[in-house]
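Before any comments, here is the structure.
Numbering of ligands and ligand atoms starts at 1, following listing order. Only heavy atoms go into these numbers, but all of them, side chains included; no hydrogens, no water, no symmetry mates.
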Amino acid sequence: MKKTISMIGACMALAMAIPAQAQFAKAEDAIKYRKASFTVMAAHFGRLGAMANGRIPFDAKLASENADIVAEMSKLPWAAFGEGTDKGETRAKPEIWQESAKYKEAADNMQAAVMKLNTAAKAGNIDALKAAFGPAAASCKTCHDSFRQK
Ligand code: ASC
């Protein structure tokens, strides 16, 4: 019991010692993490798109569940763009670090758009989903155009 408590204490101390941006052992881990969060986001965003564009029938429960995942994922990638993560298996452009205020603004806009999408997805009708999907997709594209290599 004592051992367990001291282990927990040691883990907490370690977690608190590492700044939020640096909670990855290696740059490669941060790159994998941010790509994974974007991949999961895209999969669930795509299902909302399929509904918004009439490729699959509107399903209120499915819309809500997918939008929740998109909203949660949208919070995750940003902490994984720390120092030294500009090189490796990544299409991230140098502008992310060179124009970090502009990048943050684009990231914030995307998160705001997907929060609105989540609210719309919970309205229980296709028209609300359609109205919010376009701006959310545009917020993805804006960022890709400026900050992601082809
Ligand atoms: C998607 C997806 C994106 C965005 C973007 C919108 O479904 O994977 O990255 O939409 O293409 O323009």
Side-chain angles (χ1 to χ4, degrees), residues 11-150:
C11 289
M12 281 170 66
L14 186 66
M16 285 185 289
I18 302 171
Q21 310 91 302
Q23 284 182 358
F24 303 94
K26 292 178 284 180
E28 188 192 330
D29 295 344
I31 292 170
K32 274 189 195 160
Y33 174 94
R34 71 195 185 208
K35 285 161 84 172
S37 51
F38 282 125
T39 299
V40 173
M41 197 181 338
H44 295 275
F45 189 71
R47 287 171 204 164
L48 292 171
M51 272 186 246
N53 295 314
R55 291 195 303 277
I56 61 171
F58 177 71
D59 176 323
K61 185 168 177 281
L62 208 61
S64 172
E65 286 170 357
N66 280 296
D68 278 336
I69 297 170
V70 172
E72 280 307 306
M73 289 304 114
S74 77
K75 300 172 189 168
L76 301 183
W78 323 113
F81 283 92
E83 217 178 296
T85 66
D86 55 334
K87 303 226 161 48
E89 294 277 305
T90 180
R91 283 193 285 162
K93 280 190 182 174
E95 283 80 356
I96 289 173
W97 295 273
Q98 289 161 1
E99 298 169 24
S100 57
K102 197 180 150 207
Y103 186 61
K104 185 173 186 309
E105 192 186 344
D108 288 347
N109 286 343
M110 186 276 273
Q111 288 173 87
V114 303
M115 292 307 154
K116 282 187 186 161
L117 180 63
N118 195 13
T119 303
K122 286 171 174 46
N125 70 82
I126 183 68
D127 293 333
L129 184 68
K130 274 186 184 167
F133 185 80
S139 77
C140 302
K141 189 176 185 300
T142 305
C143 215
H144 293 165
D145 290 348
S146 305
F147 298 107
R148 186 178 73 169
Q149 271 152 29
K150 294 277 173 311

As a test of understanding, state which of Q149, K32, R34, E28 forms a side-chain hydrogen bond (donor to acceptor under 3.5 Å, both in side chains) with T90.
R34

Whether the side chain of S100 engages the backbone of I96 through a donor-acceptor N/O pair (distance < 3.5 Å, no angle test) should be reported.
no

Residues in side chain to side chain donor-acceptor pair (under 3.5 Å) with K87, at least two apart?
none

I'd like the atom pairs linking ligand 1 to the protein - N or O on both sides, separation under 3.5 Å - with distances to 0.1 Å.
from     : atom 1 : to   : atom 2 : distance (Å)
ligand 1 : 12 (O) : A137 : O      : 3.4

Excluding sequence neighbours, so at least two apart, what forms side chain to side chain donor-acceptor pair (under 3.5 Å) with E105?
none

Which residues pass the ring-ring contact (aromatic ring centres under 6.0 Å, His included) test with F133, sequence neighbours left out?
F45

Any side-chain to backbone donor/acceptor pair from S37 onto Y33? Under 3.5 Å, distance only.
yes

